[in-house]
There are 2 protein chains.
Amino acid sequence: MTAELICIGTELLLGDILNTNAQYIAQQLASLGIPHFYQAVVGDNPDRIKRIIQNAIDRSNILIFTGGLGPTPDDLTIATIADFFNTKLVERQEVLDDIQQKFARRGRTMAASNRKQALLPEGADVLHNPVGSAPGIIWQPRPNLTILTFPGVPAEMRQMWQDTAVPYLKNQGWGRELFYSCTLKFWGISESELAEKVSSLLDSQNPTVAPYANHGEVKLRVSARATSQTEAEQLITPVASQIQNIAGLHYYGCNDDTLASVVGQLLQTRGQTLAVAESCTGGSLGKALTDIPGSSTYFWGGVIAYENRIKERLLEVSADDLAAHGAVSHPVAKQMAAGVRERFGTDWGIGITGIAGPGGETPEKPVGLVYIGLASPDGTVESFEYQIGETRGREWVRRVSVSHALDRLRRSLEP
Amino acid sequence: MTAELICIGTELLLGDILNTNAQYIAQQLASLGIPHFYQAVVGDNPDRIKRIIQNAIDRSNILIFTGGLGPTPDDLTIATIADFFNTKLVERQEVLDDIQQKFARRGRTMAASNRKQALLPEGADVLHNPVGSAPGIIWQPRPNLTILTFPGVPAEMRQMWQDTAVPYLKNQGWGRELFYSCTLKFWGISESELAEKVSSLLDSQNPTVAPYANHGEVKLRVSARATSQTEAEQLITPVASQIQNIAGLHYYGCNDDTLASVVGQLLQTRGQTLAVAESCTGGSLGKALTDIPGSSTYFWGGVIAYENRIKERLLEVSADDLAAHGAVSHPVAKQMAAGVRERFGTDWGIGITGIAGPGGETPEKPVGLVYIGLASPDGTVESFEYQIGETRGREWVRRVSVSHALDRLRRSLEP
């Protein structure tokens, strides 16, 4: 029993809109445990839509369509599906009434073109649209093949999915077997390094373990099929903790955890506070910390010392060190961290100084060179040097610098 | 001559990630005038990938693949394509060297698994990846069929597309009829207001004018088909300037301009400097300003005053006003702006204080209430009150607050 998604709309092929419907339905199918191996996008063209249907019915039992249900001449989805299965369209009085009422409620009269939206394949059930004028269908044109159609408008599609499709699919006995998945997150180790460390687990079938990476962060998704969440967790938990043991401190959290949220939890547990001094990141670290609701209980704020004079004036960075070592150096990172901790009266202080580029590099100091200072409650101050991929550009260097800074503090806070 | 897009990655089928690559490549193909009728998404599974290739080669001449070029065992794209066309993989020394150098630059040694990324089909050209380790290929496995592969990481895919794919496709004589488009950007006016003001232009055919909106920002895309960029510009320019006249100060820039980049240009022209004091935005304004390369010439930095004590200590906000009016108030916003301008010695100062939520609201002060203070070179200080949609959540309130602050300064800087 597998589903296949067919998104119809020339605007998708022109790149005018992002196909968020595909992600939503993919997530929904995964959570219902309905396997889903193919997605297709095709324009509002009957012949091409039929080619896609022909490919799909050879390999899938549930075809889910989005888009092309509107009243305009280029909306052909329903007519094309009916034609493919040699079924005639019948006007549904209840749909026509519903559309007319919706127009009436907005004090408008139904346009003639909307009448077309009441034409549905003979034998198909109406998939009611509580929001817009376009209804969908639930139809079995032949044994062991079910077709569901949804409008392209995400809000309408989502509500129809929840109100009608989910109960229908569950009634069919699908979505009984749960697909439960947990994403483990790591910092400070590359995807290939981690994959090698856990290689023995990458072939396991239930749960499966799949690595992926973005913005320097590595993730492992552990996914299990089971008939209950408890059973799924019993499959996932031992594998997850095995991975955590292998990864050690490189593992920082799972699912919705971020480095900033984990640091926040650790600071709260300890009842400690933090202030930051940012040069090349220009506020990005503060933003990351305050993205977390409730961060004001442990994050007091910081100084964006983008100009060197500000490093001296507000953070008491020594002018001599700035001259001798340059703003991007161990001593300046340390003094920024210590200075902001001192000035704000917090337990911890972080300083970031680096070369985000483009430009600003010297022979000794390439773009991507970043120093992170960490001032601890006991008064000790450390600093760390990073060479962040200079080819990846300014945004990358800034983003990864923020993660390195948060990760340094996290490792110091971990019990 | 038609192209077809094949996106490979189980994470797409699980809905873990949004397929932004599909939209980007669709836009690019449209702008090159290369017809594109089908997109497919399939998991990291050789048999299914081959089914998709089989379908595609019957109807398209250019197959564009994204994803599955990584070093881990589930990255199968190149091997599967080679196998489909019965071609053996050959290790490319130049690719291996390139990967090793990239690791070396980050002070790492290449993992054994990365070696696989140097295996490319015999006869295929290397599509160089200037950023990450995974190269792509440009390959004609048979006459009248071209295959291009890109990594799934959007930043890498986009740079490789621009650096290599676009010149290659143009060399092939594709993309002759140009689809040129220019996006006009607005702040402080709603999509519907703007659409009404320019309604007469929305039906025009060449150029077309299409409105869209995101995160409170409204855009109009003006698109023309032409055989040369000059011809396209001759079609677009009069319409664009007509729109700018209608929109007045609500228009702030076009294409890659952002409110932060426009503010930066205006400050540079005047030779003036800026410092910011942020409470609810927690560094987001500083980040937005320093997202712009070269911003250090006019942006000196700021204070993230997330804790009220910091507002007093570093910005001389009066304790009495904090007590009498609360941190989210006109007087505090003004004192933050004036305080940071004073303390940093800049021409302009901005202060932001508000309730980003969730929580923290009072009967008089709902979530989304934001005050923005603006201190000017002549010493005058204004403040502005905003009620930002409280239903839209913390990220929205913070993001829109930053845009309002930048827009306030922009309007004061505009000649």
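Just so it is clear: chains get the letters A, B, ... in the order the sequence lines come, proteins before strands, and each one is counted from 1.
For chain A, the nearby parts of B:Thr20 are the backbone and the side chain; heavy atoms of each come within less than 4.5 Å. Proximity to chain A (any heavy atom under 4.5 Å) is restricted, for B:Ile17, to the backbone atoms N, CA, C and O. For A:Leu285, no part sits under 4.5 Å from any heavy atom of chain B, backbone or side chain. Contact of A:Tyr212 with chain B is made through the side chain alone, with heavy-atom distances under 4.5 Å. For B:Glu156, the part lying near chain A is the side chain, with the backbone staying farther off; criterion is any non-hydrogen pair under 4.5 Å. Both the backbone and the side chain of B:Asp58 come within contact range of chain A, judged by heavy atoms closer than 4.5 Å. Only the backbone of B:Ala305 comes within less than 4.5 Å of a heavy atom in chain A; its side chain stays farther off. Proximity to chain A is limited to the side chain of B:Ile310, based on heavy atoms less than 4.5 angstrom apart. Only the side chain of A:Glu278 comes within less than 4.5 Å of a heavy atom of chain B; its backbone N, CA, C and O stay farther away. In this structure, chain B has heavy atoms under 4.5 Å from both the backbone and the side chain of A:Leu14.
When each of A:Ala30, A:Ser192, A:Gly302 is scored by its heavy-atom pairs under 4.5 Å with chain B, the top score falls to A:Gly302. Counting heavy-atom pairs under 4.5 Å between each of A:Ser190, A:Ser181, A:Pro293, A:Cys280 and chain B puts A:Pro293 at the top. Ranked by heavy-atom pairs under 4.5 Å with chain A, the list B:Gln159, B:Met110, B:Gln27 is led by B:Gln27. By number of non-hydrogen pairs under 4.5 angstrom with chain B, the leading residue of A:Arg48, A:Arg313, A:His36 is A:Arg48. Per-residue heavy-atom pair counts under 4.5 Å with chain B were compared for A:Pro35, A:Ala275, A:Gly301, and the maximum is reached by A:Gly301. By number of non-hydrogen pairs under 4.5 angstrom with chain A, the leading residue of B:Gly152, B:Ala288, B:Gly286 is B:Gly286. Of the listed residues (A:Glu196, A:Arg343, A:Lys287), the one with the most heavy-atom contacts under 4.5 Å to chain B is A:Lys287. Comparing A:Ser223, A:Gly360, A:Gly345, A:Ser295 by how many heavy-atom pairs each has under 4.5 Å with chain B, the most go to A:Ser295. The candidate from B:Pro358, B:Gly132, B:Ser113 with the greatest count of non-hydrogen atom pairs under 4.5 Å with chain A is B:Ser113. Counting heavy-atom pairs closer than 4.5 Å to chain A, the top residue among B:Ala155, B:Ala111, B:Ala22 is B:Ala111.
Heavy-atom neighbours of A:Glu342 CD from other residues, nucleotides or ligands within 6.0 Å: at or below the threshold of 12. Within 6.0 Å of atom CG in A:Asp256, 12 or fewer heavy atoms from other residues, nucleotides or ligands are found, so the atom counts as exposed in its surroundings. Around atom CZ of B:Arg115, no more than 12 heavy atoms belonging to other residues, nucleotides or ligands sit under 6.0 Å away.
Atoms CG and CZ, on B:Asp47 and A:Arg59 in that order, are 12.5 Å from each other to the nearest 0.5 Å. Considering OG1 of A:Thr10 and CZ of B:Phe37, their distance stands at 9.5 Å, rounded to 0.5 Å. The line from CG of A:Leu314 to CH2 of B:Trp300 is 12.0 Å long, rounded to the nearest 0.5 Å.
With contacts defined as side-chain heavy-atom distances shorter than 4.5 Å, the pair A:Glu307/B:Thr346 does not qualify. You'll find the side chain of A:Trp396 stays beyond 4.5 Å of the side chain of B:Val131, heavy atoms only. Here the side chains of A:Arg398 and B:Asp291 are in contact, with some heavy-atom distance below 4.5 Å. You'll find the side chain of A:Leu289 stays beyond 4.5 Å of the side chain of B:Tyr306, heavy atoms only.
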**Request:** Evaluate the criterion side chain to side chain contact (heavy atoms under 4.5 Å, CB included) for residue pair A:Leu18 and B:Leu18; output intermediate values, then yes/no.
**Result:** CA-CA 8 Å; A:Leu18 190 54; B:Leu18 190 54; 3.4 Å; yes
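Formation of a donor-acceptor pair under 3.5 Å by the A:Gln23 side chain with backbone atoms of B:Gly15 is found in this model.
Applying side chain to side chain contact (heavy atoms under 4.5 Å, CB included) to A:Tyr38 and the options B:Ile52, B:Leu13, B:Asn55 leaves one that passes, B:Ile52.
In plain terms, the two heavy atoms of A:Gln387 and B:Arg105 that are nearest each other are CG-O, 3.6 Å. Here the closest non-hydrogen pair linking B:Ile292 and A:Arg394 is O-NH2, 3.7 Å.
For A:Lys219 and B:Asp16, the salt-bridge test fails: no basic side-chain N is under 4.0 Å from an acidic carboxylate O.
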